[in-house]
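Following: one structure in structure tokens, then a few remarks.
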2 protein chains.
Amino acid sequence: MEKRTFKDNIYTAIAGLTKAFSSPNRLEIIDLLANGEKSVEQIAAQTAITVANASQHLQVLKNARLVKTRREGNFIYYALNGRKAYAAWKAIRDLAMEQEPAVQITLRQFRQEAGSAAGLSYDTLPQNDRVLFLDVRPLDEFSAGHLEDAHSIPMSELSERLAELPRDKTIITCCRGPFCTYADEAVQLLNANGFTAIRMEENYLDVQILKEEKWQN
Amino acid sequence: MEKRTFKDNIYTAIAGLTKAFSSPNRLEIIDLLANGEKSVEQIAAQTAITVANASQHLQVLKNARLVKTRREGNFIYYALNGRKAYAAWKAIRDLAMEQEPAVQITLRQFRQEAGSAAGLSYDTLPQNDRVLFLDVRPLDEFSAGHLEDAHSIPMSELSERLAELPRDKTIITCCRGPFCTYADEAVQLLNANGFTAIRMEENYLDVQILKEEKWQN
DNA sequence: CAAGTGTTCAAACATATTCTTGAATAGATT
DNA sequence: AATCTATTCAAGAATATGTTTGAACACTTG
């Protein structure tokens, strides 16, 4: 094989993969699927994408092997395909948060308006009995994976279940990650009700990766 | 700010970044620049891209803040902008090598024809005096950064400088990374001349990241 | 200041990508 | 077998992207 042919083939193949990452809608889908499998309808409902369009994006992701499918009854559930697929999305996300001004500005402005200020990074958080980790994602996402010591109250039920929460601890709200707004809404609600709440920046997968890296060495 | 506006802005901004990664030519440029700064002409010469086209791709990369520039005399030198930019490219590359059949097949076939078989990963390599690390990249790239204990002979000079190499050690050739062919050519030349040579899979930056991760924890 | 060199720009063309709409399909339920 | 439901497909319009070509620009050197 020619040296040039080799390189062309390699970089073209990888570009096929990165193209799957290069649409806002697909990024939102990836970010969503990182929190557990979802049907096409569920995905369409949680994003501003129509069902047909979501289906097409999912085909693109599937052809790039970024997602895998599972059928159950009438539903086809899509899920992220493998740890490295998430790792790639995380690397891109981290890069954007570090050096993409539009991302930084938008994040800062939204958080400021939402009253949730800057989120805290997991590894700067105290791990003692003065804090409570509160996962406000829908229950099925919590079931699919969560921080060991997290308490679950889906955002949709939070206002009715405030009694479950301690008033003498700092509540760390966690959700789907830095671009998810559940944790911001939770912080707002909790602070308005006399609790002390802060949002965590990462999602549980990020924390898991962090811990694995620590163990590994 | 509306929740929806927030997410649209965020994911659109990040997609702007990933689009910069989504062209074969730009990926080749990124992979090249990871080994040290280069002028537009140099980049065009090392790839199959015309100067004008390379310049345009570089503008795209610059707008995405993936590369930075430095002027010296008549030349403008482009370099990768920051560790996270490389980390993102590496995450994508690793993902592709793990689960993109086209990449795996092309790599295997090329290496087989080149007689360099499968490359070895740095962390599986013995670090004793039975091996010699031989960096066959051009001298300026070696100068920009290399493995501590590596010996440098640019591929273009290798055939005339074989006398410098020991016949009683295993020679580990290293170059720009898994998609660079210098190390394969070197292995072929060395084996044909009675040396024992194997190519290393990673480049020096990958090894550096690997070592940092070990130190960190 | 003129000439030379490296780089960028602008226009034009061909090709890809995205979203919408409405119909088709595959599997489950009745 | 007929019906229902979730999902996918197909076609078309609007927009975006990649490459080539030739000219323009910016800086250095004579």
Side-chain angles (χ1 to χ4, degrees), chain A residues 4 7-9 11-30 32-33 37-79 102 140, chain B residues 4 7-9 11-30 32-33 37-64 66-79 140:
Chain A
R4 191 68 253 160
K7 293 195 178 180
D8 285 348
N9 288 350
Y11 290 114
T12 302
I14 304 186
L17 190 60
T18 50
K19 272 186 225 264
F21 278 105
S22 72
S23 135
N25 283 341
R26 285 199 293 274
L27 289 181
E28 188 168 359
I29 292 175
I30 290 169
L32 187 58
L33 292 184
E37 60 176 20
K38 295 235 178 333
S39 70
V40 181
E41 268 201 331
Q42 287 177 307
I43 292 166
Q46 305 243 4
T47 59
I49 315 175
T50 63
V51 169
N53 196 9
S55 176
Q56 285 182 151
H57 282 305
L58 285 163
Q59 295 315 305
V60 174
L61 293 173
K62 197 180 174 186
N63 287 336
R65 267 163 279 266
L66 289 176
V67 303
K68 60 187 173 191
T69 57
R70 176 179 80 83
R71 178 154 213 144
E72 189 181 309
N74 255 338
F75 298 88
I76 292 173
Y77 290 99
Y78 284 84
D140 60 312
Chain B
R4 191 67 252 159
K7 293 195 177 181
D8 285 348
N9 288 350
Y11 291 113
T12 301
I14 304 186
L17 190 60
T18 50
K19 273 186 224 264
F21 278 105
S22 71
S23 133
N25 283 341
R26 285 199 292 276
L27 289 181
E28 187 168 0
I29 292 174
I30 290 169
L32 187 58
L33 292 184
E37 60 176 20
K38 295 238 178 328
S39 70
V40 181
E41 268 202 332
Q42 288 177 306
I43 292 166
Q46 305 242 4
T47 58
I49 316 175
T50 63
V51 169
N53 196 9
S55 176
Q56 284 183 155
H57 282 305
L58 286 163
Q59 296 313 307
V60 174
L61 293 172
K62 197 180 174 185
N63 287 337
L66 290 175
V67 304
K68 60 187 173 190
T69 56
R70 176 179 79 82
R71 179 156 213 141
E72 189 182 308
N74 255 338
F75 298 88
I76 292 174
Y77 290 99
Y78 285 84
D140 60 312

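Here is how names work: the chains are called A, B, and so on, in the same order as the sequence lines, proteins then strands, and each is numbered from 1.
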The criterion is ring pair (Phe, Tyr, Trp, His ring centres under 6.0 Å); which residues satisfy it with Y11(A), sequence neighbours excluded? F179(B)
Identified stems (criterion: three or more consecutive Watson-Crick or G-U pairs, under 3.5 Å), DNA chain D: C:1-30 with D:1-30
Hey, is the main chain of F21(B) close enough, under 3.5 Å, to the side chain of T18(A) for a donor-acceptor pair? yes
Nearest-angstrom distance from the residue atom NZ of K38(B) to C1' of dG6(C): 17 Å
Ranking K62(A) and N25(B) by the position along DNA chain D of their nearest nucleotide, the one closer to 5' is K62(A)
Atom-pair distance (CD1 on I76(B); P on dC25(D)), nearest Å: 16 Å
Would a distance-only check, ignoring hydrogens and angles, find a side-chain to backbone donor-acceptor pair under 3.5 Å from R26(B) to K19(B)? yes
Provide, to the nearest angstrom, the distance between the OH atom belonging to Y77(A) and the C1' atom belonging to dT5(D). 13 Å
Interface polar pairs with nucleotides 13-17 of chain C, N/O, under 3.5 angstrom:
none

Which whole-number value in Å describes the distance from E41(B) CD to dT8(C) C1'? 13 Å
Rounded to the Å, how far apart are F75(A) CZ and dT8(D) P? 13 Å
Of all residues at least two apart in sequence or in a different chain, which pass the side-chain hydrogen bond (donor to acceptor under 3.5 Å, both in side chains) check with R70(B)? E37(B), E72(B)
Once rounded to the nearest 0.5 Å, what's the spacing between atom CD of Q59(B) and atom OG1 of T69(B)? 8.5 Å
Can you tell me if the side-chain N/O atoms of Y78(B) get under 4.0 Å from OP1 or OP2 in dT8(C)? yes
Verify, without hydrogens or angle tests, whether R71(B) (side chain) and G73(B) (backbone) share a donor-acceptor contact under 3.5 angstrom. yes
Where do A20(B) and L61(B) come nearest, in terms of heavy atoms and distance? O-CD2, 3.7 Å
Check the interface with nucleotides 9-15 of chain D: list each N/O to N/O pair with the protein under 3.5 Å, or write none.
{"from": "dA10(D)", "atom 1": "N6", "to": "Q56(A)", "atom 2": "OE1", "distance (Å)": "3.4"}

To the nearest Å, give me how far apart CD1 (I49(B)) and C1' (dT21(D)) are. 17 Å
Under 4.0 Å from OP1 or OP2 of dT19(D): is there any side-chain N or O of H57(B) that close? yes
Give me, pair by pair, the N or O atoms of the protein and of nucleotides 23-28 of chain C that are less than 3.5 Å apart, along with how far apart they are.
none

How many Å lie between CG on L61(B) and C1' on dG18(D), as a whole number? 14 Å
With a 4.0 Å cut-off on N to O distance, would you call R4(A) and E28(B) a salt bridge? yes
Figure out the CG/P separation between D8(A) and dG18(D), and round it to whole Å. 15 Å
